[in-house]
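Please read the structure below before turning to the comments.
Residue numbers begin at 1 in each chain, while the letters A, B, ... track the order of the sequences.
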2 protein chains.
Amino acid sequence: MFSKACEYGIKACIFIAEQSVNNRRVSLKEVASSIDSPEAYTSKILQHLCQNNIVRSDKGPLGGFSIPAPILSHLRLSNIVYLIDGDDIYKGCGLGLKRCNEKLPCPVHNKFKVIRSELKEMLESTTILSLVDKLHNGLTFLKR
Amino acid sequence: MFSKACEYGIKACIFIAEQSVNNRRVSLKEVASSIDSPEAYTSKILQHLCQNNIVRSDKGPLGGFSIPAPILSHLRLSNIVYLIDGDDIYKGCGLGLKRCNEKLPCPVHNKFKVIRSELKEMLESTTILSLVDKLHNGLTFLKR
DNA sequence: ATAATAATGGATATTTTTGTCTTTTTTTTA
DNA sequence: TAAAAAAAAGACAAAAATATCCATTATTAT
């Protein structure tokens with residue numbers, strides 16, 4: 001459904017958000033080990049998220065990654081997925097046709113658009129904070 | 001959503017099915033040009049479909065690909081997707097966790113399972129014949 | 001200032017997916 | 001039986017995704 005990069009990105013954001021809620025910055029190492037992802041690859045993904053102001057990074061000792069409260073209060077799954085995987089999952093034709101639309105639909109167009117719009121709606125309505133809450137309550141897990 | 005191979009596979013099946021309804025066998029060339037796919041790559045995908053009795057092939061002049069009526073009457077999108085892409089799209093964790101389930105769900109588990117089960121239901125209930133009908137009525141297209 | 005810490009950036013490597021090319025096998029028709 | 005047509009099979013190539021390594025830059029504490 002999502003690329004590996006996107007999966008790591010989502011998990012990393014949930015973990016960093018959880019720590020940010022408690023005013024803790026986290027290092028790359030902590031992120032990677034907490035979400036069980038390859039460190040250097042995760043670094044690239046975090047860079048990407050930082051360059052697009054979804055995550056904040058500070059260098060030096062005491063540095064690390066965080067998500068500032070004003071950003072966290074608005075952050076949704078859709079922001080992360082859109083940044084990393086683009087909008088193909090919302091817009092792209094189910095059969096990969098370049099020009100598939102209401103007027104000239106592919107055979108699966110109408111079946112897919114229902115699923116797709118529900119996926120879109122779900123990603124846009126799910127906040128990272130709501131996912132952090134579940135983590136915090138011990139109801140969900142980021143590893144294994 | 002699906003791999004390129006799977007997209008080609010679905011389009012190829014719809015095209016071959018359309019021709020089989022009219023008792024016409026089609027060559028690899030015809031398939032590839034009709035669905036706008038790379039010929040040799042499409043060949044591999046058709047081989048795979050043939051080995052798994054979703055498509056039939058006959059060698060020699062007058063040979064070509066077809067889908068026998070008894071198969072076509074049962075064939076659904078899910079059969080093709082499952083063969084080519086496997087069951088990750090139904091079963092796999094949205095965050096790529098190996099062991100994510102009802103008891104130990106990842107943070108997005110419950111949000112995703114709704115979408116996933118709808119996707120599953122859609123693929124399992126959509127027959128290739130119903131898609132051929134739309135093609136035939138000029139309501140949908142396989143290229144562009 | 002210096003050393004230590006942590007992210008950044010760039011180059012490189014590996015793996016997977018996608019795509020190609022060539023030879024072989026099967027079948028039909030002449 | 002020989003030639004032609006068509007898929008099968010296997011090796012190979014290119015592109016994309018995933019992953020690693022190393023030198024650089026910024027920040028903090030000593």
Heavy atom of residues 10-21 of chain B under 4.0 Å from DNA chain C: which residues? none

Reading 5' to 3' and counting Watson-Crick or G-U wobble pairs with both distances under 3.5 Å, write the dot-bracket notation for DNA chain C, | for bases paired outside the strand. ||||||||||||||||||||||||||||||

Under the side chain to side chain contact (heavy atoms under 4.5 Å, CB included) test, which residues partner B/Arg56, sequence neighbours left out? B/Arg25, B/Asp58, B/Ser66, B/Pro68

Assign a letter to each nucleotide of nucleotides 9-16 of chain C from its 5' end: B, base within under 4.0 Å of a protein heavy atom; S, sugar-phosphate only; -, no contact. BBB-----

Under the 3.5 angstrom rule, does the side chain of B/Lys111 hit a backbone N or O of A/Met122 as a donor-acceptor pair? no

Rounded to the nearest angstrom, tell me the gap between atom [atom1] in [X] and atom [atom2] in [N].
| X | N | atom1 | atom2 | result |
| --- | --- | --- | --- | --- |
| A/Glu30 | C/dA7 | CD | C1' | 14 Å |
| A/Glu39 | C/dT8 | CD | C1' | 14 Å |
| B/Leu28 | D/dA9 | CG | P | 14 Å |
| B/Lys29 | C/dT20 | NZ | P | 13 Å |
| A/Asp85 | D/dA17 | CG | C1' | 11 Å |
| B/Ile45 | D/dA8 | CD1 | C1' | 15 Å |
| B/Tyr41 | D/dA7 | OH | C1' | 19 Å |

Does some side-chain heavy atom of [Y] sit less than 4.5 Å from a side-chain heavy atom of [X]?
| X | Y | result |
| --- | --- | --- |
| A/His48 | A/Ile54 | no |
| A/Arg76 | A/Thr127 | yes |
| B/Phe15 | B/Lys11 | no |
| A/Asn110 | A/Val114 | no |
| A/Ile67 | A/Ile128 | no |
| B/Leu95 | B/Cys100 | no |

Looking at every strand, decide which applies to A/Val55 at a 4.0 Å heavy-atom threshold: base, sugar-phosphate, or nothing. nothing

What nucleic acid atoms does B/Val31 come within less than 4.0 Å of, heavy atoms only: base, sugar-phosphate, or nothing? nothing

Rounded to the nearest 0.5 Å, what separates atom CD1 in A/Ile10 from atom CD1 in A/Ile84? 7.0 Å

Give, for atom CD1 of B/Ile14 and atom CG of B/Leu129, the distance between the pair rounded to the nearest 0.5 Å. 11.0 Å

Donor-acceptor contacts, no H, no angles, side chain residues 36-47 of chain A, under 3.5 Å, sequence neighbours left out:
unit_1	atom_1	unit_2	atom_2	d
A/Ser37	OG	A/Thr42	OG1	2.6
A/Thr42	OG1	A/Pro38	O	2.6

Counting only heavy atoms and a strict 4.0 angstrom limit, can you tell me which residues of residues 1-9 of chain A come near DNA chain D? A/Ser3, A/Lys4, A/Ala5, A/Tyr8

Which residue pairs pass the ring pair (Phe, Tyr, Trp, His ring centres under 6.0 Å) test with at least one member in residues 102-121 of chain B, sequence neighbours excluded? A/Phe2-B/Phe112

Check whether any side-chain N or O of A/Ser27 sits under 4.0 Å from OP1 or OP2 of C/dT5, and answer yes or no. no

Just the table, please: protein N/O against nucleotides 26-30 of chain D N/O, every pair under 3.5 Å.
unit_1	atom_1	unit_2	atom_2	d
D/dA26	O4'	A/Lys59	NZ	3.3

With a cut-off of 3.5 Å and sequence neighbours excluded, list every side-chain donor-acceptor pair involving residues 134-142 of chain B.
unit_1	atom_1	unit_2	atom_2	d
B/Lys134	NZ	A/Pro107	O	3.4
B/Asn137	ND2	B/Asp133	O	3.2
B/Thr140	OG1	B/Leu135	N	3.4

Any pair counted as side-chain hydrogen bond (donor to acceptor under 3.5 Å, both in side chains), so long as it reaches residues 84-96 of chain A, sequence neighbours left out: A/Ser3-A/Asp85, A/Asp87-A/Lys91

In chain order, what residues pass the ring-ring contact (aromatic ring centres under 6.0 Å, His included) check against B/Tyr82, with sequence neighbours excluded? none

Under 3.5 Å, which donor-acceptor pairs do the side chains of residues 27-34 of chain B form with other protein atoms, sequence neighbours left out?
unit_1	atom_1	unit_2	atom_2	d
B/Ser27	OG	B/Glu30	N	3.2
B/Ser27	OG	B/Glu30	OE2	3.4
B/Glu30	OE2	B/Ser27	N	3.0
B/Ser33	OG	B/Lys29	O	3.4
B/Ser33	OG	B/Glu30	O	3.4
B/Ser34	OG	B/Glu30	O	2.6

